[in-house]
Amino acid sequence: MNRGGGGGSSPAAATNYLICTNCRKVLRKDKRIRVSQPLTRGPSAFIPEKEVAQANTSDERTNFLVEEYSTSGRLDNITQVMSLHTQYLESFLRSQFYMLRMDGPLPLPHRHYIAIMAAARHQCSYLINMHVDEFLKTGGIAEWLNGLKYVPQRLKNLNEINKLLAHRPWLITKEHIQKLVKTGENNWSLPELVHAVVLLTHYHALASFVFGSGINPERDPEISNGFRLISVNNFCVCDLANDNNIENASLTGNNFGIVGSLSELEALMERMKMLQEEREDGDTSQEEMTTRFEKETKESLFVVSGDTFHSFPHSDFEDDMIITSDVSRYIEDPGFGYEDFARRGEEHLPTFRAQDYTWENHGFSLVNRLYSDIGHLLDEKFRMVYSLTYNTMATHEDVDTTMLRRALFNYVHCMFGIRYDDYDYGEVNQLLERSLKVYIKTVTCYPERTTKRMYDSYWRQFKHSEKVHVNLLLMEARMQAELLYALRAITRHLT
Ligand SMILES: CC(C)C[C@H](N)C(=O)O
């Protein structure tokens, strides 16, 4: 049991606090905790400050990019962490700058409000604070910040598609699109809708990056307001802290020492080699390939984190919703979340066959047609992340990591029901160990539950920059998956 009621004789008192499973500290269920100092130093709570700082100071390119494309005009924590991968950072900032600042169908403040709505689906107070600020700076009406009830109906109508895109994009149909484009005076033009969809998917995915990389609140009081919301999952500070006092052994729940994880790395490389050889001399039947995909989707059902405070009776869970009320005003139906794609008890999953609607052949041109040039920028970013490699695996050099990177990307798509006919999902199974799958599923499906413990417990020999690299892949795979579903629905509406 995670919950504690120590000292309280009445049942009511027992629900007022929780005990951290990790450090046994008592966590009060207050609405907010105010912190005068950031919980940890540096841009990330997961990565030692000096590792990020080194990358930043040595990199003039990053400074140039910030000057050129940053919307806030400053080196914020996201940019600092991403600058571990400058090449990617460039594509990222360029497309973000385009969707927020350049000519486009939507007025500037609306763009930021949509970003807020998207980030609110994951209670991402970091992004919300940032865009509240930008919303006001670009002339947004302050009253709207009281919540969805205060915004024009047209904007409010985006709520449904925001919710579906964020958590169960496979449910989006052409009827949802029709409803948005044909509601009399509140209708959305297709270019406006595409702009909105691009923003929503960008910010859902970015929330994954923020939580996945443990991005700290900005120090700048203007942006963070000195508040850190305690999020739904009741993080304990020990989980977020950099220099936490948990003993290493308890981080992963097993007692592998360095030696153990070293051989984990060797074993992984060994498996990559073996798979490569198998690939060269054998072909698997189509039927077997289908079975492997379905097996993987079904198995992803059982990949859940054991890290959160999970044994809540329902009534306690509702209390948690109150904790987040501060940001939940930007959304409706806060309880709606990711539901396993494979959970719907159907014999045959209504798989999205990637071949039938690909980004390259379909999505890209539709986006480009309706909202000029963004297609190119997104395409460049997707290609960049897919091909990004340093040919390293922790301390090993000259390794071809294509197979591993592809497994990460495809596993995300697999959880969203997207299948590549020519991909053997057996590879996902062989290459991604359980703790990594837990991390991937958490970061992509319910990022707000990511903890430092989850981040630490996979690939313990790898560098932080490699874990950030993983996050880039997860983020872009998620964005692309959401986009594919939305764009397919728009195409169906048009035909
Ligand atoms: C995500 C990592 C396994 C990537 C690897 N370090 C590479 O350069 O390809």
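The first residue of the sequence shown is numbered 1, and numbering continues consecutively from there. Counting convention: from 1, in listed order, for ligands and their atoms alike.
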Contacts of Phe92 that satisfy ring-ring contact (aromatic ring centres under 6.0 Å, His included) - sequence neighbours left out: His202
Salt bridge (Lys or Arg N to Asp or Glu O under 4.0 Å) between Arg292 and Glu288: does it pass, once the steps are laid out? CA-CA 6 Å; Arg292 288 183 189 174; Glu288 174 61 17; 2.8 Å; yes
Classify the angle between the aromatic ring planes of Trp170 and Phe416 as parallel (below 30°), tilted (30 to 60°) or perpendicular (above 60°). tilted
Spatial distance of atom CZ (Arg94) from atom CG (Leu377) [nearest 0.5 Å]: 5.5 Å
Do Glu466 and Tyr390 have side-chain atoms, one donor and one acceptor, less than 3.5 Å apart? no
List ligand 1's nitrogen or oxygen atoms that come under 3.5 Å of a protein nitrogen or oxygen, with the partner atom and distance.
from, atom 1, to, atom 2, distance (Å)
ligand 1, 6 (N), Thr392, O, 2.8
ligand 1, 6 (N), Thr392, OG1, 3.2
ligand 1, 6 (N), Glu466, OE2, 2.7
ligand 1, 8 (O), Thr389, OG1, 3.3
ligand 1, 8 (O), Tyr390, N, 2.6
ligand 1, 8 (O), Asn391, N, 3.3
ligand 1, 9 (O), Thr389, OG1, 2.6
ligand 1, 9 (O), Thr401, OG1, 2.5

Determine whether His131 and Tyr203 satisfy the following criterion, ring pair (Phe, Tyr, Trp, His ring centres under 6.0 Å), listing intermediate values before the conclusion. CA-CA 11 Å; His131 288 280; Tyr203 283 99; 4.7 Å; yes
